[in-house]
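All values below were derived from every heavy atom in this structure, side-chain atoms included, with hydrogens, water molecules and symmetry-related copies excluded. On a predicted model such as this, the values are computed, not experimentally measured, just so you know. Index from 1, following the sequence.
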Amino acid sequence: MTTPMTAACERVLREALQGNPSPPWQLWLEALTEATHADSCSILQLRGADLVPLAVHGLSPDALGRRFPVVEHPRLQAIMRSADVLRFPATSPLPDPFDGLIPNAADRLHVHDCAGVPIKGTSGPLGVLTIDALRRGTFNQKSLDALRTCANLAGACLEIIERLSRMQDAMERQNLVSSALLEELRPDQQFIGRSAPIRALLKEIDTVASSDLTVLITGETGTGKELVARAIHYGSPRNDRPLISVNCAALPESLVESELFGHVAGAFSGATSNRRGKFEIADGGTLFLDEIGELPMTVQPKLLRILQSGEIQRVGSDANIKVNVRIVAATNRDLAEEVRAGRFRADLYHRISIYPVQVPPLRQRGRDILLLAGNALERNRASLHLRGLRLAPASQQALLSASWPGNVRELEHTISRAALKAAAGGAGSDRIVTIEPLHLDLAKPRLEQAALVPEQEEPVDTGGLTLAQASAKFQRSLIERALAAQQGNWAAAARDLGLDRGNLRRLAKRLGVGH
């Protein structure tokens, strides 16, 4: 092996070890051309049934974009089957795949001296290395020996690069899966509710989870569609595999394909290395496509093809990758209406809605509102370092009467804001904070409840009492009802009324309650 070839080999290995997915094979071929006096040479990697150029030297640039199916090129097929270097005689009837591809040789289109050698790895063939000359008898034994040595080194390099690529892919996949699993472990991610609509929803989840059907989760924004997707995945046989989530609405249109299907180095500006897409990362598990109604029309047919074939292609590659992924999609749009409006493909809609699941809005869940509020109160109590955080009875009624267009998400945000406002009024953390209606800042009661409220306020009949007397009567009534509800427990009654126990005792004594 000549010094230039040795140096080229070392550089290929060095850059491969540094993570370069496209090491400088071109330098290697330039050194090989010099050593063998060839007019052109190529290194082709076996990918499936095709030989794909990694680098060429002395051939027209378009050769790099070609694919050479082994069955269609007898010479390449013969090289692949050969045990050693194979040299073709000038009179060989087998067509040369590089005839006409050597530039500036218009009067000599046919190659007259050709040799090739299979590139082998420990587990089988990896590709071929070829040298070609327009002049008959160009290659001597020294040329063929250099070709053989170069092929052996190329095999070692390709195996190292392939192993590094597999390791990097595995590490990337593991990191992404680990991130997804950490997301799954958030303590606030749980189903809360006892209402009939929620019980029906949980029954639907149990029914579909054990199958492998594609699920379309629909519902208003903030109802908990992602929680349904998680419940379906963890109730399925795939629960030991990753659940990978993609928010289709958050992806720029130019990056949707790369995010879903991955890309190869050089596929577009900024693509400096190979990258797995979400489909590959979710292989064996579940892919949750949130806000699928926002998916661009240009990507929808590609998603449909993957759902039908189970195969993806990374952007910039024509190699098919088999994936086994269950799809769970979600949207707050009416996809049937989107189909009628021409904004969503009908065939994709029918493919993803094999099993539709509707998540009920919060306003239909009755007293589940208070259960969800209690969960939010406890989380805010911990974050604000309070001894206690509770809702005044009037605040509870206000929550039950609100319309909640933002559903559970809006409820949680409302509780967080109210907790902060209520806590801001006192000093120290060793205290119990009560959220009053004014802290909630709710705009309007629920429409069906509001319809029951008279439009014009009726005059209040005080029975001839003064304002002070009427106020005292009202306060006595509230205290008596709170005590009755808590079976005479003053501490519990004080909590319900949002008062300190001592203050309640003093107020009750002044009003003549319990004495």
Side chain to side chain contact (heavy atoms under 4.5 Å, CB included) involving L251 - partner list, sequence neighbours excluded:
V246, V256, E259

Counting distance only, does the side-chain N/O of D368 pair as donor-acceptor with the main-chain N or O of R194 below 3.5 Å?
yes

Checking side chain to side chain donor-acceptor pair (under 3.5 Å) for the pair E436/S395: CA distance, chi angles, key distance, verdict?
CA-CA 6 Å; E436 302 289 348; S395 297; 4.8 Å; no

Any donor-acceptor pair under 3.5 Å linking the side chain of W404 with the backbone of P361?
no

With a 3.5 Å distance limit and no angle check, can you tell me whether Q300 reaches the backbone of R345 through a side-chain donor-acceptor pair?
yes

From the options L243, V208, L213, select the one residue that forms a side-chain contact (heavy atoms from CB on, under 4.5 Å) with I232.
V208

Any carboxylate oxygen within less than 4.0 angstrom of a Lys/Arg side-chain nitrogen, looking at R343 and E294?
no

Is N380 reaching over with its side chain to a backbone N or O of L377, donor-acceptor style, under 3.5 angstrom?
no

D334 side chain vs A336 backbone, donor-acceptor pair below 3.5 Å:
yes

Out of E280, K278, K322, which one pairs with I312 under the side-chain contact (heavy atoms from CB on, under 4.5 Å) rule?
E280

Stepwise side chain to side chain donor-acceptor pair (under 3.5 Å) check, Y349 with E338
CA-CA 9 Å; Y349 169 63; E338 294 296 299; over 6 Å; no

Which distance, rounded to the nearest 0.5 Å, do you find between the CG of N332 and the CD1 of I217?
12.5 Å

For K421, I'd like to know if atom NZ has over 12 heavy atoms of other residues, nucleotides or ligands within 6.0 Å.
yes

Determine, stepwise, if the pair Y355 / S211 fulfils side chain to side chain contact (heavy atoms under 4.5 Å, CB included).
CA-CA 10 Å; Y355 198 102; S211 74; over 6 Å; no

Would you check if the side chain of R238 reaches a backbone N or O of G285 as a donor-acceptor pair within less than 3.5 Å?
yes

R379/E412 salt bridge by N-O under 4.0 Å criterion
yes

Donor-acceptor pair, S309 side chain versus E311 backbone, under 3.5 Å?
yes

Taking D347's backbone N and O only, do any of them form a donor-acceptor pair with H350's side chain (distance below 3.5 Å, no angle check)?
no

Would you indicate whether the side-chain heavy atoms of T223 and V408 approach each other to under 4.5 Å?
no

Mark yes or no for whether H73, through its side chain, and L51, through its backbone, hold a donor-acceptor pair below 3.5 Å.
no

Let's go through F279 and I281 carefully: what are the C-alpha distance in whole Å and the side-chain angles of both, what is the deciding distance for side chain to side chain contact (heavy atoms under 4.5 Å, CB included) to 0.1 Å, and is it a yes or a no?
CA-CA 6 Å; F279 270 91; I281 297 168; over 6 Å; no

Out of L287, D283, T286, which one pairs with I244 under the side-chain contact (heavy atoms from CB on, under 4.5 Å) rule?
L287

Tell me if a side-chain donor or acceptor on S401 pairs with a main-chain N or O of A398 at a distance below 3.5 Å.
no

Answer whether the closest heavy-atom distance between the side chains of T218 and V357 falls below 4.5 Å.
no

Before accepting this row, confirm whether a basic side-chain N of the pair D318/R67 lies closer than 4.0 Å to the acidic partner's carboxylate O.
yes

When every non-hydrogen atom of A209 is compared with those of S236, the smallest separation belongs to O-CB, 3.1 Å

R351: what forms a salt bridge (charged side-chain N to carboxylate O under 4.0 Å, His left out) with it, not counting sequence neighbours?
none

Examine the side chains of E291 and N247 and answer whether a donor and an acceptor come within less than 3.5 Å of each other.
no

Atom of A63, atom of F68 and distance for their closest heavy-atom approach
O-CE1, 4.4 Å

Does a donor on one side chain sit under 3.5 Å from an acceptor on the other, for R326 and T214?
no

Under the side chain to side chain contact (heavy atoms under 4.5 Å, CB included) rule, what do F261 and I321 come out as? Steps first, then yes or no, please.
CA-CA 10 Å; F261 315 135; I321 301 173; over 6 Å; no

Under 3.5 Å, is there a donor-acceptor pair linking the side chains of S195 and R365?
no

The single option from K225, R333, R409, R363 passing salt bridge (Lys or Arg N to Asp or Glu O under 4.0 Å) against E220
R363

